[in-house]
Q: 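Before I ask anything, here is the structure I am working with.
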Amino acid sequence: MVTIADVAQKAGVSISTVSYVMSGKRAISQETRDRVEKAIDSLGFSPHAGARSLASRSTNVIGLQAPLRTGVDVHVVMQIVTGVVTQARKHGYDILLLASDDSKALQRAAKGSMVDALLVMDVESDDPRIDTLSGLGHPSVLIGLPEGRRSVPCVDFDFEAAGWLAVDRLVALGHKRIALIGSPPEVMSRHTSYADRLARGFLAACEANGVTGTVHACPSTSESIATVDGVMTEDPGITGFFVHNEGALPHVATTITQRGRQRGDEPAIVALCPDDVARSVPGLADSIAVPAEAIGAAATDMICEILSSGAKPAVRLLPPALTGAPTP
């Protein structure tokens, strides 16, 4: 069994220094802290729960893993982070930001007694970090909704319901062939939870309404113009568009409008994005707001409820709503 003495020997420090790194009771240089945390990780040291309690392990810090992976919209990520930080301060907690996208950072933060709890963003439908969180024993909440049995509590926006809502709106406007211009290819290939759920709701709603629906991955850059141009060329009958890609939205909206005028039809665009993004893009028929800050705040409320009362919540999804045609 690995002991605190083993960690101290491997890190080349005293036992008391290891204890201070774990408890946060005394300032330790970053270089020394890094050596101790590396030793803890390499040895797989996990102090006994009773010993942690005696050491007053509470840090009043929540770890937030917010990886900036390719294809993810940084604007939305930072709005969620803002919601987490703002709400955490109301509960008396600080936030430790973990920018990596793997399980090792979660293990270091938990086993090194750096945080009281963990929030994890950018969740995939089958995310390997879930097993890690279940094994750590730290209070944890996912900002996202994985497939299957959910052993870790989850908070997110109801993307599947948003897909239904957008299709219903476009059908009400008279459109029979509808395209979802979605996340970048790398996001869809990772099976990021929100992208999978949005496509699932969109296609189910198209089937239920008796209309044709197709899903298209789309770059978040000006390259999106070629993607949309290809979609409209391949199927000239598509006149309804549901766009969930904040970076591509201005390019996509301009291209759809221009091509529609050339063809003599009247395409309609419903966008799923934060309100400030929707207001910056003219010509939208309607929009569905992504309440990014509210998602972060709700996740923080849930983790603080777990910390304070030992509650065992399951899933909370924020419902979508149409906001009306934006006024730039």
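Positions are given from 1 along the sequence.
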Q: Have Thr239 and His175 got a donor and an acceptor in their side chains that come within less than 3.5 Å?
A: yes
Q: Taking atom types as modelled and ignoring hydrogens, do the side chains of Asn209 and Asp168 form a donor-acceptor contact shorter than 3.5 angstrom?
A: yes
Q: Take atom CG of Asp126 as the centre, draw a 6.0 Å sphere, and report whether it contains more than 12 heavy atoms from other residues, nucleotides or ligands.
A: no
Q: Are side-chain heavy atoms of Leu118 and Leu133 found at a separation under 4.5 Å?
A: yes
Q: Should the pair Arg129-Asp127 be classified as a salt bridge under the 4.0 Å nitrogen-to-oxygen rule?
A: yes
Q: Side chains of Asn245 and Ser220 only: does a donor on one sit below 3.5 Å from an acceptor on the other?
A: yes
Q: Between Glu160 and Ala199, is there a donor-acceptor pair closer than 3.5 Å when you use the side chain of the first and the backbone of the second?
A: no
Q: Scan Thr214, Asp265, Val228, Ile256 and name whichever one has a side-chain contact (heavy atoms from CB on, under 4.5 Å) with Ile238.
A: Thr214
Q: Looking only at side chains, do Ser14 and Thr17 share a donor and an acceptor under 3.5 Å apart?
A: yes
Q: Without hydrogens or angle criteria, can the side chains of Ser29 and Thr32 be said to hold a donor-acceptor pair below 3.5 Å?
A: yes
Q: If only atom types and distance count, is the side chain of Arg263 paired as donor or acceptor with the main-chain N or O of Pro236 below 3.5 Å?
A: yes
Q: Is a donor on one side and an acceptor on the other found under 3.5 Å between the side chain of Asp116 and the backbone of Asn60?
A: yes
Q: Quick one: does Asp94's side chain have a donor or acceptor within less than 3.5 Å of a partner on Val61's backbone?
A: no
Q: Give a yes or no answer on whether the side chain of Arg89 reaches the backbone of Tyr93 with a donor-acceptor pair at less than 3.5 Å.
A: yes
Q: Does a sphere of radius 6.0 Å around CD in Gln30 hold more than 12 heavy atoms from other residues, nucleotides or ligands, not counting ones at 6.0 Å or beyond?
A: yes
Q: A side-chain contact here means heavy atoms from C-beta on lying under 4.5 Å apart; do Val243 and Val270 qualify?
A: no
Q: Report yes if the side chains of Phe241 and Ile181 come closer than 4.5 Å at any heavy-atom pair, otherwise no.
A: yes
Q: Side-chain contact, heavy-atom cut-off 4.5 Å: Pro146 with Glu124?
A: no
Q: Cut-off 3.5 Å, side chains only: do Ser193 and Arg197 have a donor facing an acceptor?
A: yes
Q: State, without any angle test, whether Ser189 and His191 hold a side-chain donor-acceptor pair at a distance under 3.5 Å.
A: no
Q: Can Lys104 and Asp41 be counted as an ion pair, charged N to O under 4.0 angstrom?
A: no
Q: Can you classify the ring geometry of Tyr194 versus Phe159 as parallel (below 30°), tilted (30 to 60°) or perpendicular (above 60°)?
A: tilted
